[in-house]
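Notes for the one structure printed next.
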There are 2 protein chains.
Amino acid sequence: MTHILEADISVELTKNSKLKDIDFNNLPFGKVFSDHMLLCQYKDGAWNAPKVVPYQPITLDPSAKIFHYGQSIFEGMKAYKDKDSNVFLFRPLENWKRFNISSKRLAIPEIPEAYFMEGLKALLKADKDWIPTAPGSALYIRPFVFASGNGFHASPSDEYLFIIATAPSGAYFSGKVTVAIEEKYSRSANGGVGYAKAGGNYAGQFYPTQLAIEKGYNQVVWTDDTSHEYIEEAGAMNIFVRINDTLITAPTSDRILDGITRKSLIEIAKAEGIEVDVRKLKVSELVEAAKNGSLKEMFGSGTAAVISPISGFGYQGTDYELPELETSYAKILKTRITDIQYNRTEDPFGWRVKIQ
Amino acid sequence: MTHILEADISVELTKNSKLKDIDFNNLPFGKVFSDHMLLCQYKDGAWNAPKVVPYQPITLDPSAKIFHYGQSIFEGMKAYKDKDSNVFLFRPLENWKRFNISSKRLAIPEIPEAYFMEGLKALLKADKDWIPTAPGSALYIRPFVFASGNGFHASPSDEYLFIIATAPSGAYFSGKVTVAIEEKYSRSANGGVGYAKAGGNYAGQFYPTQLAIEKGYNQVVWTDDTSHEYIEEAGAMNIFVRINDTLITAPTSDRILDGITRKSLIEIAKAEGIEVDVRKLKVSELVEAAKNGSLKEMFGSGTAAVISPISGFGYQGTDYELPELETSYAKILKTRITDIQYNRTEDPFGWRVKIQ
Ligand SMILES: Cc1ncc(COP(=O)(O)O)c(C=O)c1O
Ligand SMILES: Cc1ncc(COP(=O)(O)O)c(C=O)c1O
């Protein structure tokens, strides 16, 4: 059975809600977890029906393949509440599709749409009160699946757990973001798993990112692994560059995550009459633009980080600062996309999905 | 404290040994686990003292970073028993060193030598009777470390578990091995984590390997991600190619695991008077050699697979068969290395370490 209705999903509510202990006006990012989670097991060749259960620890054998072979993928979404306490998701089917694209590349069985979507709705019904309303906050949603089967043979697991956990969250970055353009390390290979939200892609970034942080930057902007000549994306954000009045972002490839914020911003920008150029961008062109003053803006885009303006970048030992603009594209686009997400304007694109 | 003596390691023995249930003459690879494991936690900036405990499940929060960001690395070793029940390891310090090389790249705190080595000795003392003696079998040893700290922020964990688990094991491959030379997918990037035994490197191989298996091959031989023109290594083995009487293997790089079996075989081969050429090998050269008959052998090398002769390879839709030799290099080298490992001959290299 791969179809299920929200009403048919079994729900076991917690007897010990933590809700009253939470300071919803001072939320960190992804550190406070809601009362419930969606749980779904793959066994004997099939996904069992998902169920809503109290948020609880997971017990695994030490030989569980997740500990050894990194067989896991995830998604990042948000639930938004408007002033009337209606609850919205933003293009959730895109997340479900990408979840399965990632799964396929990692040899993980795909999740039926209804298990993902109806399961998520049932979970958000149980935890509706966990969706924060303070400005800039949202309920961060983390669907993930990992290999729970046992054994040291380096081959795909025969069992998996699919879980959706949620965390009421504030901003991902605090303050202005500076980036280091990477010259040595790489995030992903041609023919690799860079386009998937695979766990291993993130662990591989930690060390180079630490090195950048030690030098005073917040994030690394990855370049292609063959030549390090082209801008790709950041750790958890796609990258936009404004040169003169044109917004440039790298085309997606098997090395780059096809960000939902990225593709939404491309459409919004076009609708706003901003010229958008999806093309490969050389680091040398970026540096040149910084030097001759045509580089106006850089920002990252992602579900967690929304739009994060970049105030400067480092490359080959030199730091380049970006101007502070009164009316930046980043500001215009952030207002437009969050207005849609939080139901503050109409949604000409049909992206907002009301779920409660 | 980072020094510890084997005698000081706390040992909690199981009250329910599974030893009598195991058929030691029919061992699979890595599916049967010994009675005990070594357990060591990193918390508040330091590794706690390792202890031997009954093999037992691990309980983690759903937000534990291992589930989301693949922050884990591992090693593969074996304990060998000779006919007098003495117990040996093979170059164990090389595994400890590589464990820390891998850890560093994955932003995981390094393990002190004594925790690894003395911990392993204490574990093998507790589980001595689990070391099998049937021909071709050994106790497979799996040291691993993973991110056990919580939170959805994509950054290194603040807590880790280091565990050594063991599994009495038979052969990794059964029968002859055929390989597909990869033309599209890749295992690792320049500047990536390919030289580390990082969990994510293995999950990324599962799908392309499944595709190869569907076409009738057992394994993929990876090529470089930039051009797919050069032979790199296999999923869990380095690759040796014999053209005429010369043994060729790719140089290590940041994309290739620096295999301990590989470097030992290079030394053994040289001592046997076999010409060894450590150099980049083009797929086109391999195909040419197969066509003109100068390709005599191919084999994989690794702790799990020991030496696995390859009987044929597929490339661009054509299958190439390798000849069956009476006295192959693979056979000579396998005899030499396993004789050293199982204490059947002297060890001129000083690689064998008697631990009991
Ligand atoms: C590597 C990477 N790039 C880009 C993004 C942005 O994608 P999205 O806009 O779909 O959140 C993310 C995740 O959020 C990511 O992990
Ligand atoms: C990718 C890879 N290559 C090669 C090897 C062989 O290394 P070693 O001989 O040290 O076991 C392994 C692991 O065993 C491996 O995982």
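In this text the structure is predicted, and so the values were computed from the model without any measurement. Here is how names work: the chains are called A, B, and so on, in the same order as the sequence lines, proteins then strands, and each is numbered from 1.
For A236(A), no part lies under 4.5 angstrom from a heavy atom of chain B. F146(B) touches chain A through its side chain: at least one heavy atom from C-beta onward sits under 4.5 Å away, while N, CA, C and O do not. Looking at Y55(A), only its side chain comes within 4.5 Å of chain B, counting heavy atoms on both sides. Of the two parts of S63(A), the backbone and the side chain both hold a non-hydrogen atom closer than 4.5 Å to a non-hydrogen atom of chain B.
Within a 6.0 Å sphere centred on NZ of K18(B), other residues, nucleotides and ligands contribute more than 12 heavy atoms.
Within the 6.0 Å centre-distance limit, the rings of Y172(A) and H153(B) are counted as a close aromatic pair. In this structure, the ring of F152(A) has its center less than 6.0 angstrom from the ring center of F33(B).
Ranked by heavy-atom pairs under 4.5 Å with chain A, the first of A167(B), S155(B), S188(B), A196(B) is S155(B). Counting heavy-atom pairs closer than 4.5 Å to chain A, the top residue among Y185(B), F67(B), Y202(B) is F67(B). When each of K104(A), R187(A), E182(A) is checked for heavy-atom pairs under 4.5 Å with chain B, K104(A) comes out on top. Residue with the most contacts toward chain B among G70(A), G192(A), G204(A), G199(A): G199(A) (heavy-atom pairs, distance under 4.5 Å). Note on Y69(B), Y207(B), F74(B): by heavy-atom pairs under 4.5 Å with chain A, the leading option is Y69(B). Of the listed residues A147(A), S72(A), A154(A), G194(A), the one with more heavy-atom pairs under 4.5 angstrom with chain B than any other is A154(A). Chain A forms more heavy-atom pairs under 4.5 Å with one residue of K31(B), H68(B), M37(B) than with any other, namely H68(B). Note: A189(A) leads G200(A), P208(A), A189(A) in heavy-atom pairs under 4.5 Å with chain B. Here G30(A) is the residue among A198(A), G30(A), S169(A), G76(A) with the most heavy-atom pairs under 4.5 Å with chain B. Chain B forms the most heavy-atom pairs under 4.5 Å with one residue out of N201(A), V193(A), T59(A), N190(A), and that residue is N190(A).
The shortest distance between side-chain heavy atoms of M237(A) and S301(A) does not fall below 4.5 Å. In this structure, the side chains of T261(B) and V306(B) stay at 4.5 Å or more apart for every pair of heavy atoms. Side-chain contact between I111(B) and V145(B) is absent, with no heavy atoms from C-beta onward closer than 4.5 Å. The shortest distance between side-chain heavy atoms of P57(B) and D61(A) does not fall below 4.5 Å.
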Inset, instruction - Could you give me the CA-CA distance, side-chain angles and deciding distance for Y195(B) and L257(B), then say whether side chain to side chain contact (heavy atoms under 4.5 Å, CB included) is met? - result: CA-CA 4 Å; Y195(B) 68 96; L257(B) 195 83; 5.8 Å; no
Side-chain atoms of residues 156-166 of chain B: list all donor-acceptor pairs with protein atoms under 3.5 Å, sequence neighbours left out, distances to 0.1 Å.
{"unit_1": "S157(B)", "atom_1": "OG", "unit_2": "G149(B)", "atom_2": "N", "d": "2.9"}
{"unit_1": "S157(B)", "atom_1": "OG", "unit_2": "E159(B)", "atom_2": "N", "d": "3.1"}
{"unit_1": "S157(B)", "atom_1": "OG", "unit_2": "E159(B)", "atom_2": "O", "d": "2.6"}
{"unit_1": "Y160(B)", "atom_1": "OH", "unit_2": "Q71(B)", "atom_2": "OE1", "d": "3.4"}
{"unit_1": "Y160(B)", "atom_1": "OH", "unit_2": "Q71(B)", "atom_2": "NE2", "d": "2.9"}
{"unit_1": "Y160(B)", "atom_1": "OH", "unit_2": "A107(B)", "atom_2": "O", "d": "3.3"}
{"unit_1": "Y160(B)", "atom_1": "OH", "unit_2": "S157(B)", "atom_2": "N", "d": "3.3"}
{"unit_1": "Y160(B)", "atom_1": "OH", "unit_2": "S157(B)", "atom_2": "O", "d": "2.9"}
{"unit_1": "T166(B)", "atom_1": "OG1", "unit_2": "S34(B)", "atom_2": "OG", "d": "2.6"}

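Geometrically, K78(B) does not engage Y140(B) in a cation-pi contact, judged by NZ or CZ lying under 6.0 Å from the ring centre and within 45° of the ring axis.
The interface of residues 217-228 of chain B with chain A, defined by heavy-atom distances below 4.5 Å, comprises D225(B), T226(B).
The pair R255(A)-E232(A) counts as a salt bridge, with a side-chain nitrogen and a carboxylate oxygen less than 4.0 angstrom apart. A salt bridge links R98(A) with E75(A): the distance from a Lys NZ or Arg NE/NH1/NH2 to an Asp or Glu carboxylate oxygen falls below 4.0 Å.
At least one donor-acceptor pair under 3.5 Å links the side chain of H36(B) to the backbone N or O of T14(B).
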